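The sequence lines fix the lettering, A, B, ..., with proteins before strands; numbering per chain opens at 1. Predicted, not measured: the structure shown is a model, and the values here were computed from it.
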Protein chains: 2
Amino acid sequence: MAINKKKDQIFTAAAKLFIEHGFKATSMRQLAKEVGLEASSLYSHISSKQELLAQMCMSEATKYLANLDQVMSVEKDIINVLRSISYFHIETAFEDPVSETVFTNEWRYLEEPTLSEFKRIRKDYESRILHVIAQGVNQSILIDKDPFILFQLFQSSFKWIYMYNKPSKWNKEDVKHTLTEVLLKGIKK
Amino acid sequence: MAINKKKDQIFTAAAKLFIEHGFKATSMRQLAKEVGLEASSLYSHISSKQELLAQMCMSEATKYLANLDQVMSVEKDIINVLRSISYFHIETAFEDPVSETVFTNEWRYLEEPTLSEFKRIRKDYESRILHVIAQGVNQSILIDKDPFILFQLFQSSFKWIYMYNKPSKWNKEDVKHTLTEVLLKGIKK
DNA sequence: ATAGTTTACGAACGTTCGTACGCAAATATG
DNA sequence: CATATTTGCGTACGAACGTTCGTAAACTAT
């Protein structure tokens with residue numbers, strides 16, 4: 001059996017290189033070397049460089065969205081929703097560092113039709129979080145400021161983790177609780 | 001006179017393209033078109049693509065550092081120092097959107113020796129801010145959490161501005177005060 | 001063992017990249 | 001006006017890019 005072991009290796013290596021150098025600056029020859037192949041041999045397992053990015057972006061996007069669905073269905077308290085989202089982002093950033101990278105930077109290099117689909121999912125995800133925050137402001141649970149700014153602050157707070165996540169310098173739980181607590185403290189009324 | 005008008009145009013256009021597509025994905029032919037020239041003609045004004053990036057990175061780095069020097073020399077209150085830094089970052093992100101881009105992403109594509117020099121300045125800048133935050137924690141002015149996490153949160157809070165700074169959707173002053181207030185509220189004891 | 005399928009390779013493709021060079025037009029300097 | 005300098009263009013370069021293709025070796029299943 002051993003289903004797709006090489007293919008998984010390729011995706012893992014690609015993720016690592018995309019984080020380190022970015023999609024455009026990562027060549028198929030580098031990637032091949034990373035998994036011990038020649039460049040042309042990659043195409044026995046994947047169909048294109050674009051496929052690597054597309055797969056990563058879409059699986060991350062749907063993963064985030066699925067989590068949001070789940071959280072919002074079981075949790076009605078606005079603060080708890082935001083806390084859960086924060087936890088999920090931080091955990092994901094630790095365990096699957098490519099997620100924040102593609103969500104923040106590399107999605108730009110998607111081609112159609114994947115690009116549009118990704119943007120649609122991402123917009124959906126973001127507008128639902130924005131809506132939660134706007135509700136929080138309306139209900140005087142959150143500080144009375146432009147919800148869009150609060151939302152952007154919320155979103156960007158996770159973006160540093162993957163950049164410094166070299167040898168897991170920090171304790172995940174520590175980051176998770178500190179970051180979330182400080183963030184919520186800032187935006188709560 | 002009209003010193004270097006074309007050269008400035010080139011830098012401005014390059015900054016715009018680096019923000020929009022990234023350094024690696026911006027070609028000299030695109031850049032040339034943006035300023036109404038042929039690619040080869042760019043080299044009457046600049047010496048290389050790398051020079052464009054190097055100039056941007058170094059001038060931004062020294063600008064941030066100079067501001068930090070100035071702030072820390074006139075202001076001793078830790079909260080006020082952090083507030084000033086926050087203001088400066090946000091104002092810079094609005095008025096000179098390439099700054100956060102190169103500081104966050106594009107500096108990676110610098111070549112030696114500029115890369116090392118940039119990293120040195122950047123490290124200097126960051127460790128001084130970290131030191132201020134650590135002081136704040138020690139003096140119980142800031143919340144009793146890992147200063148490194150607080151520092152990273154602080155730094156990353158500005159990184160969203162340039163990405164959405166398309167048609168100046170927001171009022172600069174609004175962003176400046178909201179973001180800074182929420183941020184400080186979060187990290188203050 | 002045989003046949004079929006998957007995996008890997010080397011060579012080569014068409015393109016695009018950053019940039020060098022020689023020359024003409026434009027501009028500045030005397 | 002004559003001269004020197006700057007600016008721009010067309011062409012072309014070598015290198016690197018993603019990818020294709022024919023083929024051979026390595027596995028899998030019968």
Looking only at atom types and distance, does a side-chain atom of [X] sit under 3.5 Å from a main-chain N or O of [Y], one as donor and one as acceptor?
X        : Y        : answer
A:Glu112 : A:Ser116 : yes
A:Arg128 : A:Leu68  : no
B:Lys185 : A:Lys185 : yes
A:Gln50  : A:Tyr109 : yes
B:Thr62  : B:Met58  : yes

Between [atom2] of [N] and [atom1] of [X], the distance in whole Å:
X       : N      : atom1 : atom2 : result
B:Glu38 : C:dA24 : CD    : P     : 18 Å
A:Lys7  : C:dA8  : NZ    : P     : 13 Å
A:His45 : D:dA26 : NE2   : C1'   : 12 Å
B:Lys6  : D:dG8  : NZ    : C1'   : 9 Å

Q.
OP1 or OP2 of D:dT6 versus the side-chain N and O atoms of B:Ser44: is any pair under 4.0 Å?
A.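 For B:Ser44, the contact criterion (side-chain N or O under 4.0 Å from OP1 or OP2 of D:dT6) is not met.
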Q. Which residues in residues 10-21 of chain B have at least one heavy atom lying under 4.0 Å from any atom of DNA chain C?
A.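 The answer is none.
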(Q) Using C1' atoms of five pairs at each end, report the bend of the helix from C:dA1-D:dT30 to C:dG30-D:dC1 rounded to 10 degrees. (A)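 The two end axes of the helix from C:dA1-D:dT30 to C:dG30-D:dC1 meet at 20°.
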Q. Does any non-hydrogen side-chain atom of B:Glu51 lie less than 4.5 Å from one of B:Ile46?
A.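 When only atoms from C-beta onward are counted, B:Glu51 and B:Ile46 do touch, with a gap below 4.5 Å.
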Q. A:Lys24: what forms a side-chain hydrogen bond (donor to acceptor under 3.5 Å, both in side chains) with it, not counting sequence neighbours?
A.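 For A:Lys24, no residue satisfies side-chain hydrogen bond (donor to acceptor under 3.5 Å, both in side chains) once neighbours in sequence are set aside.
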**Q.** Listed once per pair and sorted, the ring-ring contact (aromatic ring centres under 6.0 Å, His included) pairs that draw on residues 7-35 of chain B, sequence neighbours left out
**A.**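 Only B:Phe18-B:Phe23 qualify under ring-ring contact (aromatic ring centres under 6.0 Å, His included).
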Q) For every nucleotide of nucleotides 16-23 of chain D, 5' to 3': is a protein heavy atom under 4.0 Å from its base (B), only from its sugar-phosphate (S), or from neither (-)? A) -BBBB---
Q | Results of salt bridge (charged side-chain N to carboxylate O under 4.0 Å, His left out) for A:Glu117 - residues two or more places apart only | A |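 By the salt bridge (charged side-chain N to carboxylate O under 4.0 Å, His left out) rule, A:Glu117 matches no residue at all.
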Q: Working to the nearest 0.5 Å, report the span between CG of B:Leu153 and NZ of A:Lys159.
A: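 It comes to 13.0 Å.
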